[in-house]
Engineer: 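Mind looking over this structure? Questions follow.
Counting starts at 1 for both ligands and their atoms, in listed order. Keep in mind that the numbers below use all heavy atoms, side chains included, and drop hydrogens, waters and symmetry copies.
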Amino acid sequence: MVKIEAIVRKEKFDDVYRVLESSGIGGMTVTEARGFGHHRNGLQEKVKIEIYADEFQVDRIVEAIRETAKTETTGDGKIAVLNLDNLYRIRTGEEGAAAI
Ligand SMILES: Nc1ncnc2c1ncn2[C@@H]1O[C@H](COP(=O)(O)OP(=O)(O)OP(=O)(O)O)[C@@H](O)[C@H]1O
Ligand SMILES: [Mg+2]
């Protein structure tokens with residue numbers, strides 16, 4: 001299992017959300033964020049997206065985010081893929097991929 005963490009432009013978020021909603025992911029968490037990249041032009045408003053997913057879903061999710069979030073100008077953001085040790089569904093105690 002992995003956590004996909006993406007930081008995207010605020011104005012791109014609605015499009016990214018629409019694509020992800022119909023992409024077979026188990027869920028997502030969204031946080032309003034502020035950050036800077038190489039250009040250090042102050043803290044810009046961004047949206048952070050977190051998704052727990054199975055390895056086989058990663059390429060498709062990353063590509064969907066990248067294709068939708070890009071403007072090909074500076075400040076489009078980042079996509080990180082982090083290995084997850086475990087995931088638990090609080091209600092049932094299920095763990096691992098079953099908890100996605
Ligand atoms: N090294 C980093 N660590 C954590 N967050 C980052 C990092 N770099 C960028 N971000 C986040 O991504 C947002 C957009 O960054 P940005 O796309 O400008 O990155 P960049 O590496 O400078 O690339 P670009 O050349 O496209 O500007 C930042 O506002 C910040 O929230
Ligand atoms: Mg930058």
Side-chain angles (χ1 to χ4, degrees):
M1 288 158 301
V2 299
K3 178 166 99 160
I4 298 169
E5 189 176 278
I7 298 158
V8 302
R9 291 179 188 279
K10 206 177 156 81
E11 55 273 27
K12 279 286 185 183
F13 175 71
D14 286 349
D15 290 344
V16 174
Y17 169 58
R18 223 169 288 124
V19 166
L20 288 175
E21 197 191 16
S22 57
S23 73
I25 59 172
M28 69 192 277
T29 301
V30 175
T31 309
E32 290 189 20
R34 295 193 302 154
F36 69 84
H38 283 135
H39 298 271
R40 284 173 168 55
N41 49 346
L43 289 172
Q44 304 294 317
E45 286 192 82
K46 302 288 173 183
V47 176
K48 185 170 85 173
I49 299 166
E50 291 165 287
I51 300 166
Y52 303 128
D54 230 326
E55 274 84 358
F56 77 86
Q57 300 175 288
V58 172
D59 290 350
R60 191 156 41 88
I61 295 169
V62 168
E63 218 29 57
I65 296 171
R66 215 178 70 79
E67 276 301 317
T68 317
K70 75 175 181 204
T71 65
E72 294 176 349
T73 58
T74 183
D76 279 352
K78 305 278 199 210
I79 306 171
V81 180
L82 300 88
N83 283 313
L84 265 196
D85 288 339
N86 210 346
L87 182 70
Y88 298 89
R89 173 172 284 124
I90 292 176
R91 177 174 58 84
T92 58
E94 287 167 290
E95 62 181 291
I100 293 172

Engineer: So, Glu55 side chain and Met1 main chain: donor-acceptor pair closer than 3.5 Å or not?
Structural biologist: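 Present.
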
Engineer: So, for atom 7 (C) of ligand 1, does the protein have a heavy atom nearer than 4.0 Å?
Structural biologist: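 Within 4.0 Å: yes, protein heavy atom nearby.
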
Engineer: Which heavy-atom pair separates Ile51 from Gly27 by the least distance, and what is that distance?
Structural biologist: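 Looking at all heavy atoms of both residues, the shortest contact is CG2-O, 3.7 Å.
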
Engineer: Check whether any side-chain heavy atom of Ile65 lies under 4.5 Å from a side-chain heavy atom of Ile4, and answer yes or no.
Structural biologist: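 Yes, side chains in contact.
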
Engineer: What residue and heavy atom of the protein are closest to atom 14 (C) of ligand 1, and at what distance?
Structural biologist: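 Closest protein heavy atom to atom 14 (C) of ligand 1: Gly77 CA, 3.6 Å.
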
Engineer: Counting non-hydrogen protein atoms only, what is the nearest one to atom 4 (C) of ligand 1? Give residue, atom name and distance.
Structural biologist: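 Looking at atom 4 (C) of ligand 1, the protein heavy atom closest to it is Ile7 CD1, 5.0 Å.
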
Engineer: Are any side-chain N or O atoms of Asn83 and backbone N or O atoms of Val2, one a donor and one an acceptor, separated by less than 3.5 Å?
Structural biologist: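 No; judged by distance alone, with no hydrogens or angles, the pair does not exist.
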
Engineer: Just let me know how Lys46 lines up against ligand 1, side chain, backbone, both or neither, with a heavy-atom cut-off below 4.0 Å.
Structural biologist: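 Lys46 to ligand 1: side-chain contact only, backbone stays beyond 4.0 Å.
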
Engineer: In ligand 1, which numbered atoms sit nearer than 4.0 Å to a non-hydrogen atom of Gly75?
Structural biologist: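 It comes down to these atoms of ligand 1: 14 (C), 16 (P), 17 (O), 18 (O), 24 (P), 26 (O), 27 (O).
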
Engineer: So, is His38 polar-close to ligand 1, with some N/O to N/O distance under 3.5 Å?
Structural biologist: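 Checking ligand 1 against His38, an N or O pair does fall under 3.5 Å apart.
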
Engineer: Considering only protein heavy atoms, which is closest to atom 24 (P) of ligand 1, and at what distance to one decimal place?
Structural biologist: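 In this structure, atom 24 (P) of ligand 1 has Thr74 OG1, 3.4 Å as its nearest protein heavy atom.
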
Engineer: Please list, in number order, the atoms of ligand 1 under 4.0 Å from a heavy atom of His39.
Structural biologist: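 Every atom of ligand 1 under 4.0 Å from some heavy atom of His39: 22 (O), 25 (O), 27 (O).
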
Engineer: What residue and heavy atom of the protein are closest to atom 2 (C) of ligand 1, and at what distance?
Structural biologist: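 For atom 2 (C) of ligand 1, the nearest protein heavy atom is Lys78 CE, 4.4 Å.
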
Engineer: Should the proximity of Asp76 to ligand 1, defined as any heavy atom under 4.0 Å, be assigned to the side chain, the backbone, both, or neither?
Structural biologist: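 Just the backbone.
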
Engineer: So which heavy atom on Leu82 is nearest to which on Glu5, and how close?
Structural biologist: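 Reported closest heavy-atom pair: CD1-CB, 4.2 Å.
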
Engineer: Mark yes or no for whether Arg60, through its side chain, and Ser23, through its backbone, hold a donor-acceptor pair below 3.5 Å.
Structural biologist: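 Pair found, side chain donor or acceptor close to backbone of Ser23.
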
Engineer: Do the side chain of Asp76 and the main chain of Thr71 share a donor and acceptor less than 3.5 angstrom apart?
Structural biologist: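 Yes, because the side chain of Asp76 sits within donor-acceptor range (under 3.5 Å) of the backbone of Thr71.
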
Engineer: Can you figure out which of Ala80, Gly35, Gly37, Ala69 has its heavy atom closest to atom 15 (O) of ligand 1?
Structural biologist: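 Selected option, by shortest heavy-atom distance: Gly37.
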
Engineer: State whether any protein heavy atom lies less than 4.0 Å from atom 26 (O) of ligand 1.
Structural biologist: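 It does: a protein heavy atom is found less than 4.0 Å away from atom 26 (O) of ligand 1.
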
Engineer: Counting C-beta onward and ignoring hydrogens, is there a side-chain heavy-atom pair between Lys46 and Arg9 closer than 4.5 Å?
Structural biologist: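 Yes, close enough: below the 4.5 Å cut-off.
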
Engineer: For Lys10 and Glu32, which heavy atoms make the closest approach, and how far apart are they?
Structural biologist: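 Distance-wise, the nearest heavy atoms are NZ-OE1, 3.8 Å.
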
Engineer: Is there a protein heavy atom less than 4.0 Å away from atom 22 (O) of ligand 1?
Structural biologist: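 Under the 4.0 Å cut-off, atom 22 (O) of ligand 1 does have protein heavy-atom neighbours.
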
Engineer: Between ligand 1 and Phe36, is the shortest N or O to N or O distance under 3.5 Å?
Structural biologist: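 Among all N and O atoms of Phe36, at least one is under 3.5 Å from an N or O of ligand 1.
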
